[in-house]
Number of protein chains: 2
Amino acid sequence: MKRVVILGSTGSIGRQALDVIRKLPGKFKVVGLAAGKNWHLLARQVREFRPDAAVLEREQELYNLRRELASDRPPDLAWGRSGLENLARLPQADIVLVAVAGALGIYPTIAAINAGKDVALANKETLVAAGHLVMELVARNKTALLPVDSEHSAIWQCLNGQERRAVEKVILTASGGPFRNFSKEEMENVTVDMALAHPNWQMGNKITIDSATLMNKGLEIIEAKWLFGVSYAQIEVVIHPQSIIHSAVEFLDGSIIAQMGLPDMRLPIQYALTYPERMPGCCSRLKLTCLQGLTFDAPDTDRFPSLKLAFEAGKTGGTMPAVLNAANEVAVDSFLKRRISFRAIPYIVGKVMEKHLTVKQPGLEEIMEADCWARKTGVALIKTLVTI
Amino acid sequence: MKRVVILGSTGSIGRQALDVIRKLPGKFKVVGLAAGKNWHLLARQVREFRPDAAVLEREQELYNLRRELASDRPPDLAWGRSGLENLARLPQADIVLVAVAGALGIYPTIAAINAGKDVALANKETLVAAGHLVMELVARNKTALLPVDSEHSAIWQCLNGQERRAVEKVILTASGGPFRNFSKEEMENVTVDMALAHPNWQMGNKITIDSATLMNKGLEIIEAKWLFGVSYAQIEVVIHPQSIIHSAVEFLDGSIIAQMGLPDMRLPIQYALTYPERMPGCCSRLKLTCLQGLTFDAPDTDRFPSLKLAFEAGKTGGTMPAVLNAANEVAVDSFLKRRISFRAIPYIVGKVMEKHLTVKQPGLEEIMEADCWARKTGVALIKTLVTI
């Protein structure tokens with residue numbers, strides 16, 4: 001029985017992780033749950049899974065949770081970053097699923113690694129902004145960093161039992177999003193609703209927009225670089241609109257190993273939690289003969305400049321990937337608030353990157369400063385756009 | 001440096017194996033070569049690769065070879081089944097590639113396994129007819145049986161580093177051959193030339209016809225059962241006309257791992273020879289973005305009854321798979337000689353199977369008797385068809 005902590009249990013990944021756990025009775029014990037503000041759902045999860053500890057982002061929601069659970073035997077309750085970090089270090093935990101969104105996910109990830117926990121990582125910012133620091137800690141603490149993203153899980157599955165030095169390249173597939181076939185002109189008039197209608201995956205708003213700009217794939221490139229120890233020249237992005245091949249690895253003999261399945265996040269979540277075992281799960285099954293045909297295209301970085309920006313930020317390294325991510329976050333937020341156009345998102349990211357003076361080999365503090373600077377710079381830039 | 005014996009060096013697989021070895025200088029030493037009647041080519045191969053021993057099928061061609069090589073320092077020369085078996089046991093050999101065609105390939109395969117050699121197996125009859133015996137010997141001698149067939153190599157690559165008990169099923173892909181979209185009526189009028197025009201693979205005549213009837217896939221089902229220790233219920237055949245996904249494995253969590261590449265036999269040959277390593281090879285590379293689209297269909301056992309016959313023979317077990325194979329061989333031979341129709345091939349195989357009294361748990365001698373009986377019965381049946 002694996003003892004699991006889930007950070008971000010009320011979000012999309014967290015809820016699906018609990019679904020996986022629910023459907024594998026006797027395999028897992030949930031020992032800790034952390035959420036943001038959704039104390040209602042967290043209360044229900046606490047009643048169902050009976051963790052030893054639960055954490056919320058702020059004191060006011062924790063107060064509500066405490067009152068809600070008063071009649072039960074409540075778990076240890078805490079709030080804020082220190083609560084989150086303590087939960088990540090919970091002595092009785094074997095594995096910590098980090099599914100909190102945003103740059104703050106870096107802190108509990110580092111806490112869990114330093115406490116020798118295996119980490120199932122669903123937080124993108126951790127490796128994008130601080131890959132060099134995190135991978136060093138993973139090596140030093142001899143823990144496992146298990147990818148949860150479907151693409152990275154696919155690559156990880158394809159690398160199973162293969163020599164790392166035999167890897168020629170990793171092939172990250174991308175659905176291409178809803179604007180895959182849009183012309184440059186059509187992309188001028190993209191609305192928020194159009195961008196939120198992802199063809200294959202049900203996800204949160206931010207990541208759905210990132211899918212539409214291909215920034216999502218850009219961030220995954222940087223994550224893949226750290227997770228699999230490859231160079232950027234060894235990473236290829238291929239547009240695969242059906243999202244059936246979740247990613248692949250090409251070996252130096254020319255053999256390509258690919259991982260396939262229906263687009264269902266519970267599969268990579270389950271694999272990260274049950275690794276190194278596989279278990280009969282709750283995922284819907286792919287039947288090859290039901291497919292309409294699988295196609296592959298090269299990405300167009302002219303229409304999707306975010307992908308190029310991500311490669312550039314990754315190759316520059318230092319604080320630049322953190323800046324890419326932070327600038328993108330504020331730009332997407334403004335787009336979702338209908339303050340800027342879809343095409344302005346990569347424009348803002350590129351402009352913020354241009355202004356940034358990269359710090360080489362930054363520590364965590366410098367990364368967080370760069371993140372903060374990029375947000376401010378991005379917001380200022382957006383204001384100039386909006387007032388024009 | 002691996003020391004290699006190649007049985008069947010002048011055939012399609014043998015020549016491609018030597019091409020692989022030629023392009024990986026310093027990695028292999030060819031210590032033995034065996035061919036059928038093509039002493040001309042064998043002489044050239046001996047001059048190039050300088051093996052310690054060479055074997056031909058018959059004394060008369062060996063005489064020619066001996067004379068041809070007289071001016072050189074010739075290798076040890078021998079002929080016939082005993083020559084082949086001795087070569088398979090060659091003390092200095094590490095690995096024996098069995099690429100001789102026909103049921104006789106069983107003998108040197110067994111000789112090599114009993115001598116503790118790793119065997120790269122390209123001879124279909126060995127596992128089809130004698131799978132239960134061969135797998136027992138492999139286990140007893142703790143040798144490795146390495147598949148060379150592109151489909152089995154694909155499955156084997158997909159199983160790398162995975163727990164065997166996590167396998168839900170193996171998915172064997174089939175191009176479907178040139179008559180994939182033919183109606184039953186159109187298949188009545190199939191000619192030898194039409195059947196020999198395989199859309200994707202360049203192979204020998206017998207195997208090309210087997211591809212067109214899907215008997216090739218039928219034989220592979222039986223081989224897969226033995227190679228991967230799965231039940232027939234765990235084997236699925238999927239028609240994939242582009243021959244890019246060479247086969248796949250579905251795991252019990254629903255994840256499918258597939259192996260992809262251009263149709264080039266040198267890739268699986270090389271992987272069997274270099275295993276467990278991968279090496280930069282001579283194979284042309286697949287570029288996903290150059291593909292026109294990958295499609296998948298369920299096989300139609302009504303138009304392709306050979307596939308159903310093979311499943312039946314496999315499930316019946318005992319001497320029945322040997323009978324299936326032998327009856328198919330004489331039927332295909334008669335078709336190639338334009339004596340029977342394309343549709344008569346599975347008809348004959350089915351009729352011979354109907355007449356057969358299966359011997360359960362047969363020894364090698366009983367298998368060979370069943371093979372012999374099936375050939376005679378098949379030939380007699382063909383005569384009645386031809387005279388009608």
Side-chain angles (χ1 to χ4, degrees), chain A residues 20 153-154 157-163 165-168 171 173 236-240 242 244-246 248 250-262 264 266-268 270-271 274 276-299, chain B residues 20 153-154 157-163 165-168 171 173 236-240 242 244-246 248 250-262 264 266-268 270-271 274 276-299:
Chain A
V20 164
S153 177
Q157 292 180 53
C158 295
L159 287 172
N160 242 339
Q162 308 277 355
E163 292 180 294
R165 63 181 190 82
V167 173
E168 178 104 1
I171 301 168
T173 54
E236 183 183 351
V237 172
V238 170
I239 305 296
H240 168 48
Q242 298 82 22
I244 294 296
I245 293 185
H246 295 319
E250 181 173 333
F251 294 93
L252 44 71
D253 58 359
S255 186
I256 295 180
I257 305 288
Q259 191 266 341
M260 309 167 81
L262 289 175
D264 183 338
R266 291 175 302 179
L267 178 54
Q270 177 178 310
Y271 188 64
T274 64
E277 279 186 81
R278 289 185 188 271
M279 290 177 192
C282 52
C283 301
S284 23
R285 284 189 183 256
L286 170 64
K287 232 182 129 33
L288 289 178
T289 52
C290 294
L291 294 174
Q292 290 301 310
L294 305 180
T295 60
F296 308 92
D297 291 295
Chain B
V20 164
S153 178
Q157 291 180 54
C158 294
L159 287 171
N160 243 339
Q162 309 278 353
E163 291 179 296
R165 63 181 191 81
V167 173
E168 177 104 359
I171 301 169
T173 53
E236 183 182 352
V237 173
V238 169
I239 305 296
H240 169 48
Q242 298 82 22
I244 294 296
I245 293 186
H246 295 318
E250 182 174 333
F251 294 92
L252 43 72
D253 57 0
S255 185
I256 294 180
I257 305 287
Q259 190 266 340
M260 308 167 82
L262 290 175
D264 182 339
R266 291 175 301 178
L267 178 55
Q270 177 179 311
Y271 187 65
T274 65
E277 279 185 79
R278 290 186 189 271
M279 291 177 192
C282 51
C283 300
S284 23
R285 286 191 181 252
L286 169 63
K287 231 181 131 35
L288 289 178
T289 51
C290 294
L291 293 175
Q292 290 301 312
L294 304 180
T295 61
F296 308 91
D297 291 295

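Just the heavy atoms: all of them, side chains too, but no hydrogens, waters or symmetry mates, feed the values below. Below, chain A is the first sequence line, B the second, and so on; all start at residue 1. Because the structure is a prediction, the values reported are computed rather than measured.
- Of the two parts of B/L159, neither the backbone nor the side chain holds a non-hydrogen atom closer than 4.5 Å to a non-hydrogen atom of chain A.
- Interface residue B/Q162: only side-chain heavy atoms are found under 4.5 Å from chain A.
- Annotation for B/C283 and B/D264: closest pair CA-OD2, 3.6 Å, computed over non-hydrogen atoms.
- For chain A, the nearby parts of B/Q157 are the backbone and the side chain; heavy atoms of each come within less than 4.5 Å.
- Comparing A/Q292, A/E168, A/Q270 by how many heavy-atom pairs each has under 4.5 Å with chain B, the most go to A/E168.
- Side-chain N/O atoms of B/S255 and A/Q259 include a donor and acceptor closer than 3.5 Å.
- To the nearest 0.5 angstrom, A/K287 atom NZ is 12.5 Å from B/F296 atom CZ.
- In terms of heavy-atom pairs under 4.5 angstrom with chain A, the leader among B/T295, B/D253, B/T289, B/N160 is B/D253.
- Put simply, SG on A/C158 and CD on A/E250 are 12.0 Å apart, with the number rounded to the nearest 0.5 Å.
- If you measure heavy-atom distances from B/I244 to chain A, you find no contacts under 4.5 Å at all.
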Between A/R165 and B/E277, is a salt bridge (charged side-chain N to carboxylate O under 4.0 Å, His left out) present by the stated rule, with each step listed? CA-CA 10 Å; A/R165 63 181 190 82; B/E277 279 185 79; 2.8 Å; yes

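- Residue with the most contacts toward chain A among B/G254, B/G261, B/P276: B/G254 (heavy-atom pairs, distance under 4.5 Å).
- With a 4.5 Å cut-off on non-hydrogen atoms, B/R278 touches chain A through its backbone and its side chain both.
- Of the inter-residue distances, the one linking B/L288 atom CG with A/I171 atom CD1 reads 5.0 Å to the nearest 0.5 angstrom.
- Between A/L262 atom CG and A/H246 atom NE2 the span is 7.0 Å, to the nearest 0.5 Å.
- When heavy atoms are compared at a cutoff of 4.5 Å, B/L267 approaches chain A solely by way of its side chain, counted from C-beta outward.
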